[in-house]
Each structure stands twice: as C-alpha cells, then as structure tokens.
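All figures in this text were calculated on a predicted structure; none of them were measured in a lab. Just so it is clear, the values below take in all heavy atoms, side chains as well, and ignore hydrogens, waters and symmetry mates.
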Amino acid sequence: MKGCWAKFAVTGALLALLAGCSSKPTDRGQQYKDGKLDEPLGLVNQPNAKGRPVNGKDFSDQVSEIQYASPAMYSRQTGTYGSIKAWLMAGGDTRQLRQFGLDAYQMEGTDNYGNVQFTGYYTPVLQARYTRQGEFQYPLYRMPARAKGGRLPSRADIYSGALGDRYIVGYSNSLMDNFIMDVQGSGYVDYGDGRPLTFFGYGGKNGHAYRSIGKVLIDRGEVKREDMSMQAIRKWGEEHSPEQVRELLEQNPSFVFFKPENFAPVRGASAVPLVAKASVASDRSLIPPGTALLAEVPILDNNGKFTGKYEMRMMVSLDVGGAIKGQHFDIYQGIGEQAGHMAGWFNHYGRVWVLKSAPGAGVPVFSSASNSTNGSALLTQ
C-alpha cells in the first residue's frame with residue numbers, strides 16, 4: 001500500500017486468515033484441481049485453467065511504465081514482455097503459450113495444492129490542514145533525524161509529542177486514517193486549499209517491531225477472527241472514543257514517516273508507477289521485481305464474499321511488503337475509497353503461473369527461488 005518502498009515498510013496486505021489445508025476449505029476461493037505440488041515453481045506444459053486475461057490493456061500500460069521508469073528492469077524482461085503482448089493480441093489462450101515462446105511455472109501455493117494467497121492494498125486520500133485547527137488535530141510526520149546508534153520513539157511516545165513540531169507536515173481529522181495510511185505506506189493528502197493533492201510517499205520508519213491491531217482486537221474478543229477486516233477495524237473505531245482508539249493503535253509501536261511530493265504518481269518499491277490490478281507486492285526471495293504473472297483471481301461481491309467465479313489477470317511484481325512472504329501476493333487496488341473498500345475485504349486464494357521466455361525446457365525459472373510459505377499478513381500476524 002503500499003508509495004516508494006511502502007510495502008517494504010508495512011504492506012498492504014490487510015488480512016491473513018490462513019485456512020488449514022487438511023479439510024480442504026473452499027470458502028475463500030481455494031481450488032484443488034492440480035493435485036499436490038512438490039516445488040515452489042513447477043514447469044507445466046500449459047496452465048490447467050479456462051478463460052483469457054481480462055486486463056490486457058492494463059498490463060500493457062504497466063509494462064510501458066516499467067519501460068519509462070526502469071529501463072534496466074525492462075531490458076531484463078524484454079523477451080518475456082514482448083512474447084506476452086503478442087500472445088495477448090492473439091487472444092490470450094492459455095493453451096497457446098508455448099506457441100509464443102512462453103513457459104508457465106505454476107506456484108505451489110500456501111498448502112501445496114496451488115492455492116496462492118491474495119490480499120489487497122490501496123492508496124488512501126486524507127483530508128488535512130497545514131496547521132492545527134478545528135477537527136484537524138492529528139499530526140502527520142516526515143522522517144526525523146536519527147541519532148547515530150539511537151532508536152526513534154515508539155508510536156505511543158510520538159502520539160505524546162516526543163518528536164516536536166518541526167517534523168510535522170500537516171494535521172488530519174482522523175487518527176485512524178493516519179494509521180491506515182501508515183499501514184498502506186503511502187497516500188494522497190488534500191490540504192483543502194484548492195491545490196492538487198500532495199503525494200505522501202514512504203519516508204522511513206521508527207525501527208520498532210510491528211504488532212497487528214487486528215490480532216489485538218481478536219485476542220481481546222472484540223472482533224471475531226472470521227469477521228476481521230479493515231472495515232471491521234474502522235467500525236470498531238467509530239464505536240469507541242478517541243482515547244480508546246488511541247490506546248488500541250498504541251499497541252503497535254511501529255510508526256511510518258512520510259515524504260510529501262507534489263504531482264507524484266503512486267510508485268512501488270521498484271520506483272515504477274503502479275497500475276491498479278496489474279501490479280502486486282511479492283516476496284523478492286521467490287518472485288524478483290519485474291516478474292510477469294498469470295493469475296486466476298477469485299471474484300468478490302461488494303460485501304467481500306467469494307462469488308464462486310474467477311477471472312484471469314496479467315500482473316507484474318513491482319512492490320514488496322514485510323508481511324508478504326512465500327506464496328502470497330498483495331494486489332494493488334488503486335486510489336481512494338472504493339479501492340480501499342475492496343482492499344479491505346481481500347484475503348482469498350487463487351492460482352498463479354509465472355510466465356518466462358522459454359530458453360529451453362526444464363531451465364529453473366529463478367535461481368533464488370525458495371520454498372518460503374508464510375501466510376501471515378498485517379492484521380493477524
């Protein structure tokens with residue numbers, strides 16, 4: 001969520017309620033079509049999937065952003081991107097990948113049955129003012145100077161004014177909104193003066209360990225585990241006093257600072273502008289930046305329930321996240337309230353194939369691939 005380096009700081013994965021695979025649950029889109037898989041990335045002749053990618057233009061736009069913003073990354077992936085574009089222009093039939101010189105490597109998923117975890121993140125838009133006034137009482141901070149060998153104050157200490165006014169870059173009207181932008185790692189701020197929105201990119205963090213407030217609410221018995229979502233946290237905040245909200249947020253000592261930038265697009269850790277639903281955050285030890293992904297993504301209704309249907313999407317790994325480990329992707333949902341609505345619900349499973357130009361059958365897709373499968377993300381880790 002993550003803003004340049006945003007997902008490295010905190011991520012947008014908003015949920016992770018990893019279901020046990022022994023009972024083979026299906027309520028979050030889990031499938032078991034391919035049997036048990038024995039390696040993190042296994043070469044397959046063709047994906048065992050129906051349908052064609054629905055977002056060919058978005059994928060093409062995302063590749064264009066890569067070409068402009070990161071020529072080195074684009075150069076490394078030129079063959080793959082070119083083959084995928086040709087394949088998409090010819091209809092995007094998964095049975096024809098090899099005809100376009102593409103190998104597909106299926107991911108084994110969090111349960112070794114191909115069920116890859118999907119969460120979501122987005123870019124919020126906050127209302128703020130340059131000075132403290134009226135309802136605008138909650139400071140937003142830029143990165144302070146760090147004393148050599150020293151540690152910056154905790155969230156509770158910062159809320160108590162430990163940093164001083166010189167690091168404040170504005171005041172919002174919601175401490176919860178500040179925290180959510182902190183979790184996403186970046187956002188836009190409307191100062192209410194008629195000027196274009198200011199992008200608050202990720203500026204750094206205080207170095208304290210992250211603690212999930214979602215897990216705190218679950219452990220306290222205030223929200224059921226199966227009901228946990230960003231919407232549930234917001235609802236809890238609306239039903240409790242400012243003092244109670246502050247006490248809850250202080251349970252997470254980690255704190256993110258921002259870097260205000262004028263006229264800046266949303267960028268991921270790879271410094272490439274992100275296209276909604278065509279870019280993801282991933283675990284770099286398994287999926288390097290610039291990797292092209294063919295994903296079978298579960299479709300949710302407006303209340304976050306799995307509809308029983310899927311859609312194929314082409315996406316590129318351009319971001320990272322501290323809670324995004326192994327067979328798990330955080331899908332960038334876009335900017336604003338509606339994007340946040342969908343990102344808040346997303347904690348579901350689908351299948352993913354890494355696409356690469358085919359230099360020869362059986363060549364490992366990445367030499368650094370590892371069998372890391374941690375299904376935890378921010379709200380429940």
message: As a quick check of understanding, evaluate side-chain contact (heavy atoms from CB on, under 4.5 Å) for Asp330 and Asp319, giving each step before the final call.
response: CA-CA 9 Å; Asp330 214 14; Asp319 217 342; over 6 Å; no
field: Val169 vs Phe200 side-chain heavy atoms within contact, under 4.5 Å
entry: yes
field: Check: Lys259 main-chain N/O paired with Arg142 side-chain donor or acceptor under 3.5 Å
entry: no
query: Would a hydrophobic clustering, with Ile, Leu, Val, Met, Phe, Trp and Tyr connected at side-chain separations under 4.5 Å, put Met315 with Val352?
result: yes
task: Answer yes or no: is there an ion pair linking Asp182 with Lys205, defined by an N-O contact shorter than 4.0 Å?
output: no
task: Taking Asp283 for its side chain and Gly326 for its backbone only, find out whether a donor-acceptor pair lies under 3.5 Å.
output: yes
message: Quick one, Leu293 and Val316 - any side-chain contact, counting heavy atoms below 4.5 Å?
response: no
query: Counting only heavy atoms not in Tyr130, do more than 12 fall under 6.0 Å of its OH?
result: yes
- request: Test Arg52 against Asp93 for salt bridge (Lys or Arg N to Asp or Glu O under 4.0 Å), laying out the working first.
  value: CA-CA 6 Å; Arg52 306 178 184 204; Asp93 188 335; 3.6 Å; yes
- prompt: Taking C-beta and beyond as the side chain, do Pro53 and Leu294 meet within less than 4.5 Å on heavy atoms?
  reply: yes
query: Any side-chain donor paired with an acceptor under 3.5 Å for Asn48 and Gln106?
result: no
- prompt: With a 3.5 Å cut-off and no angle check, do the side chains of Arg95 and Gln46 form a donor-acceptor pair?
  reply: no
message: Looking at Arg351 and Asp34, is any side-chain nitrogen of the basic one under 4.0 Å from a carboxylate oxygen of the acidic one?
response: yes
- line: Heavy atoms of Met107 and Leu37 approach each other most closely as O-CD1, 3.6 Å
- prompt: Yes or no on side-chain contact (heavy atoms from CB on, under 4.5 Å) for Leu286 and Leu41, after CA distance, side-chain angles and deciding distance?
  reply: CA-CA 9 Å; Leu286 181 63; Leu41 292 161; 4.2 Å; yes
query: Are there more than 12 heavy atoms of other residues, nucleotides or ligands under 6.0 Å from atom CD of Gln133?
result: yes
task: Using the side-chain contact (heavy atoms from CB on, under 4.5 Å) rule, take Phe199 and Arg267 through it: C-alpha gap first, then chi angles, then the decisive distance, then the call.
output: CA-CA 10 Å; Phe199 180 65; Arg267 291 184 173 89; 5.9 Å; no
- prompt: Taking atom CZ of Arg220 as the centre, does the number of heavy atoms from other residues, nucleotides or ligands within less than 6.0 Å exceed 12?
  reply: yes
- request: Just say parallel, tilted or perpendicular for the rings of Tyr32 and Tyr113, cut-offs at 30° and 60°.
  value: perpendicular
- prompt: Would Lys309 and Glu311 count as a salt bridge (Lys or Arg N to Asp or Glu O under 4.0 Å) if you check the C-alpha gap in whole Å, the side-chain angles of each, and the deciding distance to 0.1 Å?
  reply: CA-CA 7 Å; Lys309 299 179 180 179; Glu311 62 184 9; over 6 Å; no
message: Side chains of Thr119 and Asn347 only: does a donor on one sit below 3.5 Å from an acceptor on the other?
response: no
task: Spell out, yes or no, whether Val272 and Val63 are grouped together once hydrophobic residues are joined by side-chain heavy atoms under 4.5 Å, including indirect joins.
output: yes
field: Residue pair Ala271 / Ala69: nearest heavy atoms and the distance that separates them
entry: O-CB, 3.8 Å
statement: One should read off an interatomic distance between Lys277 NZ and Asp58 CG, to the nearest 0.5 angstrom, of 9.5 Å
- prompt: Hey, are Thr307 and Asp301 close enough side-chain-wise for a donor-acceptor pair under 3.5 Å?
  reply: no
task: Considering only NZ, NE, NH1 and NH2 on the basic side and carboxylate oxygens on the acidic side, decide whether Arg234 and Glu238 come within less than 4.0 Å.
output: no
- request: Answer yes if the side chains of Ser317 and Thr291 hold a donor-acceptor pair under 3.5 Å, and no otherwise.
  value: no
task: Would you sort out whether Arg313 and Val54 count as a side-chain contact (heavy atoms from CB on, under 4.5 Å), showing the intermediate values?
output: CA-CA 6 Å; Arg313 286 189 168 273; Val54 300; 4.1 Å; yes
- prompt: Run the side chain to side chain donor-acceptor pair (under 3.5 Å) check on Ser241 and Gln244 step by step: do they pass?
  reply: CA-CA 5 Å; Ser241 69; Gln244 290 171 311; 3.2 Å; yes
- prompt: Hey, is the main chain of Gln31 close enough, under 3.5 Å, to the side chain of Asn115 for a donor-acceptor pair?
  reply: yes
- prompt: Using the benzene-type ring in the case of Trp, are the ring centres of Phe255 and Phe257 under 6.0 Å apart?
  reply: yes
field: Any side-chain heavy-atom pair of Asn262 and Arg195 under 4.5 Å
entry: no
- prompt: Measuring from Ile66:CD1 to Ser75:OG, what's the distance to the nearest 0.5 Å?
  reply: 12.5 Å
query: Does Arg129 make a cation-pi contact with Tyr171, if we ask for NZ or CZ under 6.0 Å from the ring centre and within 45° of the axis?
result: no
query: Does Trp87 reach the side chain of Thr94, with side-chain heavy atoms less than 4.5 Å apart?
result: yes
- prompt: With a 4.5 Å limit on heavy-atom distance, are the side chains of Arg132 and Pro139 in contact?
  reply: yes
query: Does some side-chain heavy atom of Met228 sit less than 4.5 Å from a side-chain heavy atom of Ile218?
result: yes
query: Do other residues, nucleotides or ligands put more than 12 heavy atoms under 6.0 Å from the CG atom of Asn45?
result: no
- prompt: Looking at side-chain heavy atoms only, is the closest gap between Tyr349 and Val116 below 4.5 Å?
  reply: no
query: What pair of heavy atoms forms the shortest contact from Pro289 to Arg284, and how long is it?
result: CG-NE, 3.3 Å
message: Rounded at 0.5 Å granularity, tell me how far NZ in Lys33 sits from CD in Glu296.
response: 5.5 Å
field: Contact summary for Arg246 and Ser160, nearest pair of heavy atoms
entry: NH2-OG, 2.9 Å
Ring centre gap for Tyr141 and Tyr167 strictly below 6.0 Å: no
- prompt: Taking the six-membered ring for Trp, are His348 and Phe346 parallel (under 30°), tilted (30 to 60°) or perpendicular (over 60°)?
  reply: perpendicular
- request: Applying side chain to side chain donor-acceptor pair (under 3.5 Å), run through Tyr159 and Arg155 and close with a yes or a no.
  value: CA-CA 6 Å; Tyr159 284 172; Arg155 179 180 298 275; 3.0 Å; yes
message: Please report the interatomic distance NZ(Lys356) to OG1(Thr80), rounded to the nearest 0.5 Å.
response: 4.5 Å
- prompt: At their closest point, which heavy atom of Gly336 faces which heavy atom of Tyr122, and how far apart are they?
  reply: O-CD1, 3.4 Å
- request: Mind checking the CD-CG spacing from Gln99 to Leu97? Nearest 0.5 Å is all I need.
  value: 9.0 Å
message: Looking at Asn303, is its backbone amide N or carbonyl O close enough to the side chain of His341 to form a donor-acceptor pair, meaning the two atoms are under 3.5 Å apart?
response: no
task: Apply the test side chain to side chain donor-acceptor pair (under 3.5 Å) to residues Thr110 and His328: give CA-CA distance (whole Å), side-chain angles for both, the deciding distance (0.1 Å), then the verdict.
output: CA-CA 8 Å; Thr110 61; His328 178 183; over 6 Å; no
query: Has the side chain of Ser270 got a donor or acceptor atom that lies under 3.5 Å from a matching backbone atom of Leu318?
result: yes
statement: On a heavy-atom basis, the closest approach of Met181 and Ser186 is CG-O, 3.3 Å
query: What distance separates Leu249 CG from Phe179 CZ, expressed to the nearest 0.5 Å?
result: 5.5 Å
